[in-house]
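This report concerns only the one structure given below.
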Amino acid sequence: MPIPFPRPPMQPPTTPAADRRILILDATPDDDGPDRRVADRLAALATDSGALISRFRLEEVRLAPCLGDFECWTKTPGLCRTQDDANAIAKAFQQADLAVMVTPLFHGGYRPSLKGALDRLLGVIHPFFHESVGVTRHQPRYERYPAMLFVGLEAAPDAAARELFAAFAGGNAINLMAPRFHTLVLAPATAPWEEALAARFAQALAGSDGEPFPHHPPADALARACAPDPALPPAPVQRAALLVGSARPKGESTSESLARSLAENLERQGVAVTLVHVIDFIKPGRRADAALAALGEAELLVVSAPLYVDGLPGLVLKALEQIAAQPGRLQRVAGLLNSGYPEAAHNRSAMAQLRRFAHNAGLGWAGGLAMGAGEVLHGKPLASMGFMFRKQIAALRQAAPALAAGRGIPPEASASMARPLLPAWLFRLAAKLRWFTQARSHGTPWNDLGARPHELKREEKPLGDGG
């Protein structure tokens with residue numbers, strides 16, 4: 001019988017060298033450039049170690065965006081229902097002793113293809129929450145998880161981007177239950193990198209002490225990420241575009257509820273508002289072109305998105321990549337983020353990446369609003385939630401006049417948005433009841449919520465192309 005509450009792993013897995021498994025998630029471009037050469041060298045190092053290798057070239061695999069429906073927890077526990085390569089990647093991840101992520105830096109984070117793959121790993125963790133080092137985290141589904149090595153590739157040295165990359169890596173390592181993690185950032189087009197890569201790979205494979213987990217980030221990290229540019233030139237906004245960053249059906253996401261509430265407040269200020277859904281960017285073509293054109297007609301872009309695995313969803317990053325290439329009339333960007341955890345502070349790295357996107361695209365940063373426990377809203381009109389969401393309603397009302405006048409979001413609005421909806425302990429209890437209820441609606445027995453479909457049988461062969 002599956003164990004609903006597996007004990008968190010206290011020690012990294014110890015595996016004989018001949019049985020080691022290494023997963024490589026490769027988000028480098030499909031060319032012969034310096035980034036792909038780093039990924040190829042990683043694959044060679046892994047092969048030379050004698051381990052069993054699974055390598056996924058993420059720019060080539062079949063991988064749909066995460067729909068955020070949580071059915072990998074409550075309908076088919078541990079498995080995603082979408083029929084593509086995600087379950088193969090999740091199985092290779094869960095069975096690996098070391099998972100290696102290699103990606104060009106994208107505004108301090110990962111390329112959209114890697115972030116999309118990490119979004120689809122949600123099923124390897126348990127839906128239930130617990131308190132860990134003072135904040136809410138998910139419980140582990142399995143007894144063991146792989147160590148993780150994150151290799152970032154930059155065009156030129158950028159200390160701030162490296163710091164944000166390390167924050168993403170540490171957050172992912174915590175939430176994906178890694179016993180330890182390592183990071184390395186290289187500039188392969190401008191500096192020697194082979195020795196540094198070999199040394200860090202050897203450390204990660206040998207099980208040496210990794211980097212400190214970021215359990216205690218600065219208390220003001222979210223406030224700093226939300227703060228607008230101090231020299232933002234006031235320019236009244238006539239048109240605003242709100243990008244709804246959830247892939248859920250229209251009318252069913254917290255991101256859309258928040259976006260519609262802000263849109264109503266902006267319209268009261270005389271701003272013409274267009275809502276664009278990120279699902280329009282799933283495939284290139286007429287629909288994506290129309291969405292991009294609509295965004296480019298506005299002076300203000302507000303990204304209203306959920307937090308997926310510590311960051312913006314991969315599909316949102318894909319949309320931002322296209323917006324940066326064709327910004328149209330855009331002048332400034334603002335963020336409106338919501339986390340499934342009760343603490344709003346989990347949004348800090350995603351907000352910081354959105355701010356870097358704005359600056360790298362030559363746009364002003366108008367500030368951010370971020371809240372926790374976003375799933376409580378779940379597509380319902382914000383105004384209908386009344387007392388529980390009073391601080392968030394007030395925050396949007398306060399932010400709209402400032403944005404319409406071309407100013408940044410007031411810090412008081414950001415602080416109100418981040419106020420907890422309910423005590424964290426009560427949220428964790430209510431969430432457990434919600435998962436039980438949703439599982440029952442799918443006909444899933446409660447004790448199957450802890451199923452372990454990817455438990456390793458050592459006779460199994462590795463997945464992926466092997467290098």
Side-chain angles (χ1 to χ4, degrees), residues 226-246 250-251 253-278 280-281 290-305 316 319-320 322-324 326-338 351 354-355 357-359 361-371 377 379-385 389-417:
C226 288
D229 292 344
L232 192 69
V237 172
Q238 295 181 331
R239 297 187 63 86
L242 275 65
L243 178 64
V244 177
S246 172
K250 294 181 181 180
S253 74
T254 295
S255 299
E256 183 177 344
S257 295
L258 295 175
R260 290 193 179 280
S261 181
L262 179 59
E264 291 169 2
N265 284 284
L266 286 171
E267 287 169 344
R268 292 190 188 104
Q269 302 298 319
V271 178
V273 179
T274 300
L275 257 66
V276 175
H277 291 258
V278 76
D280 293 339
F281 289 91
L292 190 59
L295 294 173
E297 287 296 315
E299 299 95 27
L300 170 67
L301 168 66
V302 180
V303 178
S304 181
V316 171
L320 293 180
Q322 296 178 55
I323 293 168
Q326 299 183 51
R329 299 176 59 212
L330 284 176
Q331 300 174 10
R332 57 196 63 192
V333 178
L336 179 56
L337 306 184
N338 71 91
M351 193 70 77
L354 194 54
R355 186 182 189 205
F357 158 76
H359 292 161
L363 305 172
W365 174 242
L369 299 163
M371 65 173 291
L377 190 55
K380 295 181 283 293
L382 186 62
S384 70
M385 301 302 288
F389 281 80
R390 66 194 184 282
K391 294 294 184 181
Q392 288 69 33
I393 293 171
L396 294 175
R397 286 176 178 168
Q398 190 174 11
L403 290 172
R407 302 190 303 271
I409 293 173
E412 298 81 9
S414 297
S416 291
M417 194 75 182

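In this text the structure is predicted, and so the values were computed from the model without any measurement.
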Sub-4.5 Å side-chain heavy-atom contact between R332 and L232
yes
Do the non-hydrogen side-chain atoms of V303 and L320 ever get within less than 4.5 Å of each other?
yes
Report yes or no: does W365 contribute a side-chain atom to a donor-acceptor pair with the main-chain N or O of G408 at less than 3.5 Å?
no
Spatial distance of atom CG (L242) from atom CG (L301) [nearest 0.5 Å]:
8.0 Å
Taking all heavy atoms of A263 and all of V273, pick out the closest pair and write down the distance.
CB-CG1, 3.6 Å
Is E299 salt-bridged to R329, going by a charged N under 4.0 Å from an acidic O?
yes
Counting only heavy atoms not in E267, do more than 12 sit closer than 6.0 Å to its CD atom?
yes
If you round to the nearest 0.5 Å, how far is CG of L292 from CD of Q326?
4.5 Å
Out of curiosity, I393 CD1 to Q398 CD, how far, rounded to the nearest 0.5 Å?
14.0 Å
Distance-minimising heavy-atom pair for M417 and M371:
O-CB, 3.4 Å
Compare every heavy atom of A294 with every heavy atom of A241, then report the nearest pair and how far apart it is.
CB-O, 4.4 Å
Look only at the side chain of S416 and the backbone of E412, and say whether a donor-acceptor pair between them is shorter than 3.5 Å.
yes
Once salt bridge (Lys or Arg N to Asp or Glu O under 4.0 Å) is applied, what residue pairs with a partner in residues 256-265 remain, sequence neighbours excluded?
E256-R260
Under the 3.5 angstrom rule, does the side chain of S257 hit a backbone N or O of L382 as a donor-acceptor pair?
no
Is there side-chain contact between F281 and L243, with at least one heavy-atom pair below 4.5 Å?
yes
Heavy-atom pair of closest approach, residues L396 and L258
CD1-O, 4.1 Å
Keeping the roles fixed (side chain from S304, backbone from S255), state whether a donor-acceptor pair exists under 3.5 Å.
yes
Please round to the nearest 0.5 Å and tell me the distance separating atom CG of L369 and atom CG of N338.
11.5 Å
Can you give me the closest heavy-atom contact between L336 and A259, atom names plus distance?
CD2-N, 4.1 Å
Nearest 0.5 angstrom please: I323 CD1 to L295 CG, how far?
4.5 Å
Just wondering, do V237 and L403 contact through their side chains at under 4.5 Å, heavy atoms?
no
Closest non-hydrogen atoms of I409 and A334, given as atom of the first, atom of the second and distance, are CD1-CB, 4.3 Å
Distance from R355 atom CZ to H359 atom NE2, nearest 0.5 Å?
5.0 Å
